[in-house]
Amino acid sequence: MELYSTLSRTVEPLETLHPDRIYLFVCGPTVYDYSHLGHARTYVVFDVLTKYLRWTGKEVFYLQNITDVDDKIINRAKEDGISQSVLARKFEAEYLRDMKSLGIDAVSYYARATTHIPEIIGQVRRLIEKEVAYVTESGVYFNLDTFGHNGELSGQERAKRVSRVSDATKHNPLDFALWKLGEYGEYTWDSPWGRGRPGWHIEDTAISEKYFGQQYDIHGGGLDLIFPHHEAEIAQMESLEGKHPMVRYWLHTGFLTVKGEKMSKSLGNFITIRDALKTWNRDVLRYFILLSHYRSPLQATDEGLANTAKGLDHIRAIATKDKGADAEGRRAFVEAMESDLNTPMALAAIQRLAGNGDLEALREYGQILGINFLKETSAPLSVLHEIRAELRAQKQFAVADLIRERMVAAGITITDKPL
RNA sequence: GCCGGUGUGGCAGAGCGGUUAAUGCCUUCGCCUGCAAAGCGGAUGCGUGGGGGUUCGACUCCCUCCGCCGGCGCCA
């Protein structure tokens, strides 16, 4: 398989550190609110990547962190008048529920920041011992001057950067926090430097080091995490162990856009996953997401989703008779997936497979993509269809058409046979 | 300002240094149908942002300009 890595800005063959075993880390959510379709995109993509790799026989350890200690959580908990842990546990559960409704189930292990405090403190301590971090009265900071590879991932030269986070005690305004001293309520821990809480970036490296070691294969996340978050992770981990690169394949998903703008909490233009699921089912949402390449921006519109739903119906409508294996279609699907997870191309292959009646492939590939391409029938629906058929046979068209009208309005597809 | 990305038909969105530029939706005609829908068959849609360059040949590679989007130290 070939994957595009942000680190090299090129598509490279996937060569893993261990044969047949892949370590994949994806930045998880900060659990202070409901997740939206932009998040859904990223997690669907990595769900599909993992399922595809497993389908090819690889063992994938897919690790995802849950950021449950953070400014946003502290502030939201204060606003809502509840404790940080109650808020975090609630939205962690909501997140997992959303993931489940989207059919995202490839993650091997979810790791909370708050259950890895000893590992985090351990890393901070080691970074201080390595003399790449220093302690001030406000916290512990990473000294970016000590790290030669800085800026490698984002292409940003540090001399040209401007820091927005000001803290007079930092040696350099660009240095970032590893440990923040102070009392932050419930989520405050004792450390060798005093009571406080972790900085943002340190949880990921503490968690990934614990489960994967100092070096691993793939790190994924949204495009917006490249800088500074992923740069900081690299600085922390590589300074600690000297292994370079910490991660060879950095995969970043493009934004879901609304009227050309990034879908985000701050712009208020977001649709939560559960709201979207009120109108569109998970097959449609996944199909919609996979219809574009994961690195391209994707326009979210009602029209687009409606078209997607029709397209999916079309596949189901034509994939009825099993005509055996379509070797060419199967090859096209696999080739597309091998080529930097080109799901739009893979879905074009799915169209062919449906047209050519390779139902087995549709079932198998549908599991990789998490989409059911085959028509489902349920008992209640079959009964209704039977009643309509009988009415039509008796030429009771008025009643038959009324039933049809109502069924279509309810989003149920009906296919009549000639009388 | 700096860095990164992106610009393909009515819409969404792929690909490729060289036959008619995927696929789906949309539009339209026919078949089918009790009528529709679905399906099947056909048709149409001034389409590769502008300008240079490399090349026998560029949508594809290079340069440049323009537009749009994002990041710039706690956004997937």
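The basis for the numbers below is simple: all heavy atoms, side chains too, and nothing from hydrogens, waters or symmetry mates. Numbers restart at 1 for each chain; the letters A, B, ... are given by sequence-line order, proteins then strands.
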Student: So which pairs with a foot in residues 292-303 of chain A pass salt bridge (Lys or Arg N to Asp or Glu O under 4.0 Å), sequence neighbours left out?
Tutor: A:Arg295-A:Asp340
Student: Round to the nearest Å and state the distance from A:Glu261 atom CD to B:G70 atom C1'.
Tutor: 11 Å
Student: Return the set of residues passing ring pair (Phe, Tyr, Trp, His ring centres under 6.0 Å) with A:Tyr43 (not counting sequence neighbours), or none when no residue passes.
Tutor: A:Tyr95
Student: Scan nucleotides 6-17 of chain B nucleotide by nucleotide, 5' to 3', and note B when protein non-hydrogen atoms come under 4.0 Å of the base, S if they reach only the sugar-phosphate, - if neither.
Tutor: -----S-SSS--
Student: Using atom CE of A:Met99 as one end and atom P of B:A76 as the other, report the distance to the nearest whole Å.
Tutor: 11 Å
Student: Please give, in whole Å, the distance from B:G71 C1' to A:His201 NE2?
Tutor: 13 Å
Student: Considering only the P atoms, how many Å lie between B:U60 and B:G50, rounded to the nearest integer?
Tutor: 10 Å
Student: If we call it a pair only when both distances are under 3.5 Å in a Watson-Crick or G-U wobble match, what pairs with B:U44?
Tutor: none
Student: According to the Watson-Crick and G-U wobble definitions, with both distances under 3.5 Å, which nucleotide is paired to B:U55?
Tutor: none
Student: Rounded to the nearest Å, what distance is computed from the CD atom of residue A:Glu328 to the C1' atom of nucleotide B:A22?
Tutor: 14 Å
Student: A:Lys262 has an atom NZ; how far is it from atom C1' of B:G70, in whole Å?
Tutor: 7 Å
Student: Please confirm whether the ring centroid of A:Phe61 lies under 6.0 Å from the ring centroid of A:Phe212.
Tutor: yes
Student: With sugar-phosphate meaning primed atoms plus P, OP1 and OP2, does A:Leu225 contact a base, only sugar-phosphate, or nothing at under 4.0 Å between heavy atoms?
Tutor: sugar-phosphate
Student: On a whole-Å scale, what distance lies between the C1' atoms belonging to B:G70 and B:C75?
Tutor: 11 Å
Student: Distance check, P atoms only: B:G10 and B:C2, in whole angstrom units.
Tutor: 35 Å
Student: Please report, rounded to the nearest Å, how far the C1' atom of B:G4 is from the CZ atom of A:Phe227.
Tutor: 11 Å
Student: Pick the C1' atom in B:G52 and in B:C66, then give their distance to the nearest Å.
Tutor: 14 Å
Student: Can you tell me how far C1' in B:C59 sits from the matching atom in B:G51, rounded to whole Å?
Tutor: 16 Å
Student: With a 3.5 angstrom cut-off on both distances, give the Watson-Crick or G-U wobble partner of B:A36, or none if there isn't one.
Tutor: none
Student: Using the C1' atom on both, measure B:C31 against B:C68 and round to a whole Å.
Tutor: 46 Å
Student: Which pairs, with at least one residue in residues 305-319 of chain A and sequence neighbours excluded, count as a salt bridge (Lys or Arg N to Asp or Glu O under 4.0 Å)?
Tutor: A:Asp283-A:Arg316
Student: Rounded to the nearest Å, what distance is computed from the CZ atom of residue A:Phe373 to the P atom of nucleotide B:U23?
Tutor: 17 Å
Student: For B:G24, does either OP1 or OP2 sit under 4.0 Å from a side-chain N or O belonging to A:Lys310?
Tutor: no
Student: Can you tell me, in whole Å, how much space there is between the C1' of B:U48 and that of B:A21?
Tutor: 8 Å
Student: So which one's nearest nucleotide on RNA chain B is more toward 5', A:Gly254 or A:Phe176?
Tutor: A:Phe176
Student: Distance check, C1' atoms only: B:A58 and B:U23, in whole angstrom units.
Tutor: 24 Å
Student: Figure out the CD/P separation between A:Glu152 and B:C3, and round it to whole Å.
Tutor: 17 Å
Student: If a pair satisfies salt bridge (Lys or Arg N to Asp or Glu O under 4.0 Å) and one of its residues is in residues 378-399 of chain A, list it, with sequence neighbours excluded.
Tutor: A:Arg388-A:Asp416, A:Arg392-A:Asp416
Student: Is B:A22 paired to anything, Watson-Crick or G-U wobble with both distances less than 3.5 Å, and if yes, which nucleotide?
Tutor: none
Student: Can you confirm if the aromatic rings of A:His230 and A:His252 lie within a centre distance of less than 6.0 Å?
Tutor: yes
Student: How about A:Tyr109 and A:Tyr211: are their ring centroids closer than 6.0 Å?
Tutor: yes
Student: What nucleic acid atoms does A:Arg316 come within less than 4.0 Å of, heavy atoms only: base, sugar-phosphate, or nothing?
Tutor: nothing
Student: Of all residues at least two apart in sequence or in a different chain, which pass the side chain to side chain donor-acceptor pair (under 3.5 Å) check with A:Lys210?
Tutor: A:Glu119
Student: Side chain of A:Ala348 only, heavy atoms from C-beta on: which candidate in B:A22, B:G71, B:A76 is closest?
Tutor: B:A22
Student: Pairs under 3.5 angstrom only: tabulate donor-acceptor contacts from the side chains of residues 345-356 of chain A to other protein residues two or more places apart or in another chain.
Tutor:
| from | atom 1 | to | atom 2 | distance (Å) |
| --- | --- | --- | --- | --- |
| A:Gln351 | NE2 | A:Tyr287 | OH | 2.9 |
| A:Asn356 | ND2 | A:Asp326 | OD2 | 2.9 |
| A:Asn356 | ND2 | A:Arg352 | O | 3.4 |

Student: Let me know, please, whether A:Lys72 or A:Arg352 comes out on the 5' side of the other along RNA chain B by nearest nucleotide.
Tutor: A:Arg352
Student: Base, backbone or nothing for each nucleotide of nucleotides 30-45 of chain B, written B, S, -, heavy atoms under 4.0 angstrom, 5' to 3'?
Tutor: ---SBBBBSSS-----
Student: Charged N to carboxylate O under 4.0 angstrom, A:Arg112 versus A:Glu203?
Tutor: no
Student: Taking ring pair (Phe, Tyr, Trp, His ring centres under 6.0 Å) as the cut-off, I'd like each qualifying pair that reaches into residues 368-418 of chain A, sequence neighbours left out, listed once.
Tutor: none
